2 protein chains.
Amino acid sequence: MATLATVAAAAGVSRQTVSNALNSPELLRPDTLERVQRAIERLGYTPNRAARNLRTRTSHLVGLRLEPAVEGSASGLMDRFLHSLVESTREAGLHVLLFTPEDVNNPLDGYDALLRSAAVDAFVVTDTYRGNPQAAWLEARQVPFVAFGRPWEDPQACFPWVDVDGRAGVRLAVDHLADKGHERIAWVGWQKSSYIGEDRRNGWLDRMHERELPTTRLSARGEDTIEFGRRAAHALLEGEHPTAFVCVSDTVAMGVLQALVDLGRRAAADDVAVVGFDDSLAAQVTGLTSVRQPLEEIAVQIVRLLEDRLAMRTSDEQNIILTPELRVRDTS
Amino acid sequence: MATLATVAAAAGVSRQTVSNALNSPELLRPDTLERVQRAIERLGYTPNRAARNLRTRTSHLVGLRLEPAVEGSASGLMDRFLHSLVESTREAGLHVLLFTPEDVNNPLDGYDALLRSAAVDAFVVTDTYRGNPQAAWLEARQVPFVAFGRPWEDPQACFPWVDVDGRAGVRLAVDHLADKGHERIAWVGWQKSSYIGEDRRNGWLDRMHERELPTTRLSARGEDTIEFGRRAAHALLEGEHPTAFVCVSDTVAMGVLQALVDLGRRAAADDVAVVGFDDSLAAQVTGLTSVRQPLEEIAVQIVRLLEDRLAMRTSDEQNIILTPELRVRDTS
DNA sequence: TGGCAGGTTTGGAACGATCCAGAGCGAGGT
DNA sequence: ACCTCGCTCTGGATCGTTCCAAACCTGCCA
């Protein structure tokens, strides 16, 4: 295997000159640079990562902890996000290293080991919703990291994050339905204790109030299951006879769709309209209109913040909120 | 940051002794070992990965190339597989490094760079279905790797792989339906050019013949889209009036379900039964009975073969075929 | 002609671990 | 008393790169 020394010998220069040819080519005289580059080319040389990592005390690796996926929930967001993240990191000369905790219930497990062994330079933190001890922990240790998700529980928290404006996403959904003539638009959401759930619900309230549409007895809250969506839809339909449903998630929306099937109604623009949230595979496959998170853009922004952080640059704006878009399909 | 030397000084031994305490504790006298371990504990020492990698010429990283996900296909297999793989690698002291190609159309892109920079020790290769130049390429370079998927195009190929017995999976599905009394069981599959598709279809043929059930005009083949599933179901229903459908994928099955909705029929055990393949999120969410690939077990086996390969052990059986199971839900 | 500033190039040291050959030491055999 | 053996432990060399300070040019100016 070719090393710096091999190349140096072949080009008739010193090791350091070869190193400079790669890292600071502007230091070399053009003809030397050319000669070295040819030698590199000829020998098929690629710098050894381990040696470079050791010397520079960097790894160009970004750690991402995979959280256990919830079977049966419609999402599958992670898949799309991962792709985008890996793509963005590649363009930044970084790589994504995955890890899982030994102890799933310890939100900090895994970070420490990677950090102390200098295996990664930084982290991307997801699932900040159930409190974010990781963020505080990493912050305290001055570890570079960027979060996907706001610190809901601690709005003062001062670390870089990127998030989606769920509230605006739901406003889009309500606008869409109201523009189609719907007036009795129901909300099917999560428990009050969910920050994300309440944020999205506020989007519904925003527009319903703005358009002076009724909201009383048109809102249901429960867990993120198909079963809840189904029950909620039955109850709402018996009560205020909504003509449209905006749901906090695709999972819940799937339940609403089932309720419509139960009752022999059609989920469509001209009967009962339904909108979900996440643009999951289930939505794509069942033709459910849904709010789509711009995961590609999120990944790009996360990597941008990460680069700033790694370069010790403090970015002007280190908290970024992106607006989702509505994917209109058969159910509305 | 604590290093070997720091710990050695603290424990009053040489660097090498500390190194041995970690890597070959059986070489040390118990009391020395104890003393060193206490020093390690006290100083919170963790070996530096870069240094270890450099010296041992290993990285304990496994590369996995993320292939572009097909939007709109129901799968989402990768998500589940990744989780399991990361979990299994962790137990083996390895980590998963993700990468994507710059040029998506070049199936080899990305491998070379990681390899030459000694960034990874091995690869896990997926998507071997469209020919497997990666496998041949890696094999030629004697790079340790394990494939998820058989070398369909070159059954002679001699490298370790793990795959799912799709044929057996479909046999399960047909058995299930036939046991429920169905006799006119249709097949909705992929084009003849798909090895995987034909393999699964053979499972259908196996059981239909064995049980002396009719197969003529009960089979359709096309692409992996909802639209195809829908059209195929309409055509089949008009023709031979099947009472059950076995589908090559959940995506196609979703189309079949839609066709039933079109016709006002119910997908259920007592009307028209439908079975999909992959146990995707869409299946879980819509209550579609489906054949589930044992991805957890696949990951375990892949890592086992990988360990053998990395240790230069030649495993007795380096080709493993696992049998999927049937997840019975509402549609059958 | 000598000194000096600038751009180029160089060689030694360092990063933190493991490999390897050999030193120290007590027990057992002759 | 001497030698050998096996168990522990040690110190120097090494992996391949980058940092750092100094050496080397070359042309310019006094």
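Just so we're clear, the structure is a prediction, and the values are computed from it rather than from any experiment. Each chain gets a letter, A, B and so on, in the order its sequence line appears, and its residues count up from 1.
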Gln293(B) side chain to Asp279(B) side chain, donor-acceptor N/O pair below 3.5 angstrom: no
Glu41(B) and Gln37(B): side chain donor to acceptor below 3.5 Å: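 Gln37(B) and Glu41(B) do not have a side-chain donor-acceptor pair below 3.5 Å.
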Contacts of type side chain to side chain donor-acceptor pair (under 3.5 Å), residue Asp308(B), not counting sequence neighbours: Arg313(B), Ser315(B)
Contacts of Gln16(A) that satisfy side chain to side chain donor-acceptor pair (under 3.5 Å) - sequence neighbours left out: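 With neighbours one apart ignored, the set is Asn20(A).
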Rounding to a whole Å, what distance do you find between [X]:[atom1] and [N]:[atom2]?
{"X": "Arg55(B)", "N": "dA13(D)", "atom1": "CZ", "atom2": "P", "result": "13 Å"}
{"X": "Arg116(A)", "N": "dG16(C)", "atom1": "CZ", "atom2": "P", "result": "16 Å"}
{"X": "Asn53(B)", "N": "dT14(D)", "atom1": "CG", "atom2": "C1'", "result": "16 Å"}
{"X": "Arg52(A)", "N": "dC15(D)", "atom1": "CZ", "atom2": "P", "result": "19 Å"}
{"X": "Ile40(A)", "N": "dT17(D)", "atom1": "CD1", "atom2": "C1'", "result": "13 Å"}

Any residue meeting side-chain contact (heavy atoms from CB on, under 4.5 Å) with Val62(A), in chain and number order, not counting sequence neighbours: Leu94(A), Val124(A), Leu306(A)
Sequence neighbours excluded, every pair satisfying salt bridge (Lys or Arg N to Asp or Glu O under 4.0 Å) that has a member inside residues 135-144 of chain A: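 Of all non-adjacent pairs touching residues 135-144 of chain A, those that pass salt bridge (Lys or Arg N to Asp or Glu O under 4.0 Å) are Glu139(A)-Arg309(A).
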DNA chain C contacts among residues 13-29 of chain B, heavy-atom distance under 4.0 Å: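 Residues of residues 13-29 of chain B under 4.0 Å from DNA chain C: Arg15(B), Gln16(B), Ser19(B), Asn23(B).
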Terminal axes of the helix from dT1(C)-dA30(D) to dT30(C)-dA1(D) (five pairs each): angle between them, nearest 10 degrees: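 Computed from the C1' atoms at both ends, the axes differ by 70°.
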DNA chain D-proximal residues of residues 30-37 of chain B, any heavy atom under 4.0 Å: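 Correct list: Thr32(B).
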Minimum-distance nucleotide (side-chain atoms of Leu4(B) versus dG16(C), dT18(C), dT17(D)): dT18(C)
Parallel, tilted or perpendicular, as decided by the 30° and 60° cut-offs, for the rings of Tyr195(B) and Trp152(B): parallel
Does [X] have any salt bridge (charged side-chain N to carboxylate O under 4.0 Å, His left out) partners at least two apart in sequence or in another chain, and if so, which?
{"X": "Glu87(B)", "value": "Arg90(B)"}
{"X": "Glu34(A)", "value": "Arg38(A)"}
{"X": "Arg29(A)", "value": "Asp31(A)"}

Non-hydrogen atoms of Pro151(A) and Trp161(A) that approach each other most closely: CD-NE1, 3.3 Å
Annotated protein contacts, base or backbone, on nucleotides 22-27 of chain C with a non-hydrogen cut-off under 4.0 Å, one of B, S, - each: ------
Student check: side-chain heavy atoms of Leu97(A) and Leu64(A) closer than 4.5 Å: no
Side chains of residues 115-123 of chain B: which donor-acceptor pairs under 3.5 Å do they make with residues two or more places apart or in other chains?
residue: Arg116(B); atom: NE; partner: Thr46(A); partner atom: OG1; Å: 2.9
residue: Arg116(B); atom: NH1; partner: Gly44(A); partner atom: O; Å: 3.3
residue: Arg116(B); atom: NH2; partner: Thr46(A); partner atom: OG1; Å: 3.1
residue: Ser117(B); atom: OG; partner: Arg49(A); partner atom: NH1; Å: 2.9
residue: Ser117(B); atom: OG; partner: Ala113(B); partner atom: O; Å: 2.9
residue: Ser117(B); atom: OG; partner: Leu114(B); partner atom: O; Å: 3.4
residue: Asp121(B); atom: OD1; partner: Ser59(B); partner atom: N; Å: 2.8
residue: Asp121(B); atom: OD1; partner: Ser59(B); partner atom: OG; Å: 3.1
residue: Asp121(B); atom: OD2; partner: Ser59(B); partner atom: N; Å: 3.1
residue: Asp121(B); atom: OD2; partner: His60(B); partner atom: N; Å: 2.7

